[in-house]
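Because the structure is a prediction, the values reported are computed rather than measured.
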Amino acid sequence: MWGSMKMEKEPMKVLVTGVAGMLAQPDSLFGQIGYAIAPMIARGIMLGPNQPMILHLLDIAPATEALNGVKMELPDAAFPLLKEVHATTDITETCKDVNIAIMLGGFPRKEGMERKDMMSKNVPIYKEQASALEEHAASDCKVLVVANPANTNALILKEFAPSIPEKNITCLTRLDHNRALSQIAERIKVYVTDVKNVIIWGNHSSTQYPEANHATVTSINGERPVKELDTDDLWLKNEFINTVQQRGTAIIKARKASSVLSAASAPCDHMLDWVLGTPKGIWLSMGAYFDGSYGIPKDIIYSFPVKCEKGKWSIVKGLKIDEFSRAKMDAIAKDLIDEKEVAHSCLN
């Protein structure tokens with residue numbers, strides 16, 4: 001009898017910041033993403049169909065009433081994997097023993113605002129959140145920063161949470177990675193699942209470098225490089241890159257609002273692959289603190305191709321980098337170094 005009983009896993013504690021801000025602040029993009037991602041997590045899309053969880057939801061004081069509404073809604077959906085929901089505006093309380101932290105909360109860039117102005121708002125937020133995670137999160141907590149500027153927010157978090165392993169602090173470029181897969185699939189007229197191994201180098205911004213030199217497509221004739229199936233080098237070096245870089249802006253123009261569905265789905269993809277592993281021969285793009293590979297300085301958070309196994313990621317090494325890619329990659333590194341200096345000036 002005992003042998004036939006199914007042993008349930010221990011619930012994982014998952015923190016999501018900025019989950020209700022859309023109702024308190026109508027222009028809060030990350031609040032909209034948080035409201036969309038919470039049920040995805042509860043349904044098992046982020047951690048798999050057999051992993052129970054306890055959700056810790058955090059938002060700012062003006063969103064308290066909306067946050068309580070989300071806390072009411074989630075149990076109403078009767079998600080089998082969702083064991084408890086805790087909602088609070090207290091960063092210390094919500095970070096206690098969390099295993100996963102999805103950092104959506106941040107100050108959005110508004111019209112007319114310089115990047116330094118936005119960073120002056122976000123640096124103190126991520127310093128405070130880092131200190132709370134440092135003191136109260138589980139020692140092996142995995143962190144994903146989504147709020148922009150994601151790379152530099154993640155770097156600040158890493159600096160102020162030194163006991164969290166540096167390889168456990170990442171930022172999101174999976175949305176751009178997914179967009180790149182989609183663009184190639186549409187161009188070659190195949191299913192998106194037939195395309196693999198695009199790369200997003202650098203950062204989650206309009207200066208990122210989406211690259212398809214190592215991407216392949218699987219068809220009835222086997223696996224072939226994208227560059228063999230689409231010999232228009234001009235498209236790969238111009239329209240493809242520009243479309244992925246500007247996809248968010250195009251969506252805003254089309255729906256008169258920022259992307260939410262795809263932006264909520266991408267963190268789930270990122271974390272699912274990180275926790276459960278990437279399929280053999282497939283890699284994803286992830287922003288993290290790397291080891292200086294490919295000639296990129298190691299004191300910034302930079303997006304590279306990675307593969308994942310048993311809850312750990314490792315960089316895909318040995319890829320050939322042509323002159324066009326080298327120039328793009330180095331330019332992004334310089335931008336991120338400059339941005340880091342601006343962020344540090346905001347700490348003074």
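Counted within 6.0 Å of NZ on K127, heavy atoms from surrounding residues, nucleotides or ligands total 12 or fewer; the atom is thus considered open. Crowding of L261 atom CG: a count of heavy atoms from other residues, nucleotides or ligands under 6.0 Å not exceeding 12. Within a 6.0 Å sphere centred on CD of E228, heavy atoms belonging to other residues, nucleotides or ligands number more than 12. Within a 6.0 Å sphere centred on CD of Q246, other residues, nucleotides and ligands contribute more than 12 heavy atoms. By the 6.0 Å contact criterion, CD on E223 is enclosed, its count of non-hydrogen atoms from other residues, nucleotides or ligands being greater than 12. Residue K307 qualifies as open at atom NZ: its count of foreign heavy atoms under 6.0 Å is 12 or below. The 12-atom threshold is not exceeded at NZ of K328, counting heavy atoms of other residues, nucleotides or ligands nearer than 6.0 Å.
Considering all non-hydrogen atoms of both residues, L284 and C308 come closest at CD2-SG, 4.1 Å. For the residue pair A42 and L81, the shortest heavy atom distance occurs at O-CB, 3.7 Å. The shortest heavy-atom contact between G106 and N122 is CA-OD1, 3.3 Å. Across all their heavy atoms, I337 and P297 have their closest contact at CD1-CG, 3.9 Å. What you find for M119 and P149 is that their closest heavy atoms are CG-CG, 3.9 Å. Nearest heavy atom pair, residue A161 against residue A130, reads CB-O, 3.6 Å.
Of the possible polar contacts, none joining the D230 side chain to the V226 backbone as a donor-acceptor pair under 3.5 Å is found. Of the possible donor and acceptor atoms, one in the side chain of N151 sits under 3.5 Å from a partner among the backbone N and O of G202. The closest donor-acceptor contact from the side chain of H214 to the backbone of K320 lies under 3.5 Å. The main-chain N or O of Q208 is found under 3.5 Å from a side-chain atom of Q245 such that the two form a donor-acceptor pair. Between the side chain of W274 and the main chain of N168, no donor-acceptor pair closer than 3.5 Å is present. Proximity of a side-chain donor or acceptor of N197 to a complementary backbone N or O of G281 within less than 3.5 Å is detected. For W283 (side chain) and V198 (main-chain N/O), a donor-acceptor pair under 3.5 Å exists by modelled atom type. Distance alone, capped at 3.5 Å, places no donor-acceptor pair between the T216 side chain and the R224 backbone. Between the side chain of T64 and the backbone N or O of A61, at least one donor-acceptor pair lies under 3.5 Å. With hydrogens and angles ignored, the 3.5 Å screen pairs no side-chain donor or acceptor of S259 with any backbone N or O of I252.
Hydrophobic clustering, with ILVMFWY side chains joined whenever heavy atoms are under 4.5 angstrom apart, groups V192 together with I184. In the hydrophobic clustering of this structure, I301 does not group with I164; members are Ile, Leu, Val, Met, Phe, Trp, Tyr whose side-chain heavy atoms approach within less than 4.5 Å, directly or through other members. Taking hydrophobic clusters as Ile, Leu, Val, Met, Phe, Trp and Tyr residues chained together by side-chain heavy-atom distances below 4.5 Å, L155 does not share a cluster with L172. Side-chain heavy atoms closer than 4.5 Å link hydrophobic residues (I, L, V, M, F, W, Y) into clusters, and following such links, possibly through other members, connects I241 to L319. No chain of hydrophobic side-chain contacts below 4.5 Å, direct or via other Ile, Leu, Val, Met, Phe, Trp or Tyr residues, connects M53 to M40.
S265 contributes atom OG, which lies 8.5 Å from atom CZ of R174 (distance to the nearest 0.5 angstrom). Here the CZ-CD1 distance, from R179 to I200, works out to 9.5 Å after rounding to the nearest 0.5 Å. In this structure, the separation between CD on Q129 and CD1 on I156 is 12.5 Å, given to the nearest 0.5 Å. Taking CG from L272 and CE from M46, the interatomic distance works out to 9.0 Å, rounded to the nearest 0.5 Å. Distance OH/Y289 to CD/E159: 8.0 Å, rounded to 0.5 Å. Within the model, atoms CD of E211 and OG of S325 stand 4.5 Å from one another, a figure rounded to the nearest 0.5 Å.
At a threshold of 4.5 Å between non-hydrogen side-chain atoms, the residues I37 and C268 count as touching. Using a 4.5 Å heavy-atom threshold, the side chains of T278 and W313 count as separate. Residues H177 and H270 have side chains not in contact (no heavy-atom distance under 4.5 Å, counting atoms from C-beta outward). Looking at K13 and I54, their side chains come closer than 4.5 Å, going by heavy atoms from C-beta outward. Side chains of L276 and Q51 form no contact here, defined as non-hydrogen atoms less than 4.5 Å apart. By the 4.5 Å heavy-atom criterion applied to side chains, K9 and L47 are not counted as neighbours. Looking at V16 and L58, their side chains never come closer than 4.5 Å, going by heavy atoms from C-beta outward. A 4.5 Å side-chain heavy-atom check between K340 and D299 finds at least one atom pair inside the cut-off.
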Exercise. Passes side chain to side chain contact (heavy atoms under 4.5 Å, CB included), V275 versus K142? Steps please.
Worked result: CA-CA 9 Å; V275 172; K142 286 180 167 60; 4.3 Å; yes
For this session: Any chance you could lay out the side chain to side chain contact (heavy atoms under 4.5 Å, CB included) test for S219 and D194, step after step, and finish with the verdict?
Result: CA-CA 7 Å; S219 68; D194 295 327; over 6 Å; no
For this session: Decide side-chain hydrogen bond (donor to acceptor under 3.5 Å, both in side chains) for S205 and N203; before the verdict, give the C-alpha distance in whole Å, the side-chain angles of both, and the deciding distance to 0.1 Å.
Result: CA-CA 6 Å; S205 81; N203 58 353; 3.0 Å; yes
Exercise. Given T152 and E339, is the side-chain hydrogen bond (donor to acceptor under 3.5 Å, both in side chains) satisfied, shown in steps?
Worked result: CA-CA 7 Å; T152 301; E339 191 169 280; 2.5 Å; yes
For this session: With side chain to side chain contact (heavy atoms under 4.5 Å, CB included) as the test, would you mind laying out the steps for L82 and L55 before giving the verdict?
Result: CA-CA 7 Å; L82 184 59; L55 280 182; 3.8 Å; yes
Exercise. Between V19 and L67, is a side chain to side chain contact (heavy atoms under 4.5 Å, CB included) present by the stated rule, with each step listed?
Worked result: CA-CA 7 Å; V19 78; L67 186 61; 3.3 Å; yes
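Checked options F304, W201, Y302; the residue passing with F290 is F304 (criterion: ring-ring contact (aromatic ring centres under 6.0 Å, His included)).
Residues D322 and K237 are not paired through a salt bridge, judged by the lack of any N-O separation under 4.0 Å between the basic side chain and the carboxylate. Ionic pairing of D330 and K334 is not present here: no N-O contact between side-chain nitrogen and carboxylate oxygen is shorter than 4.0 angstrom.
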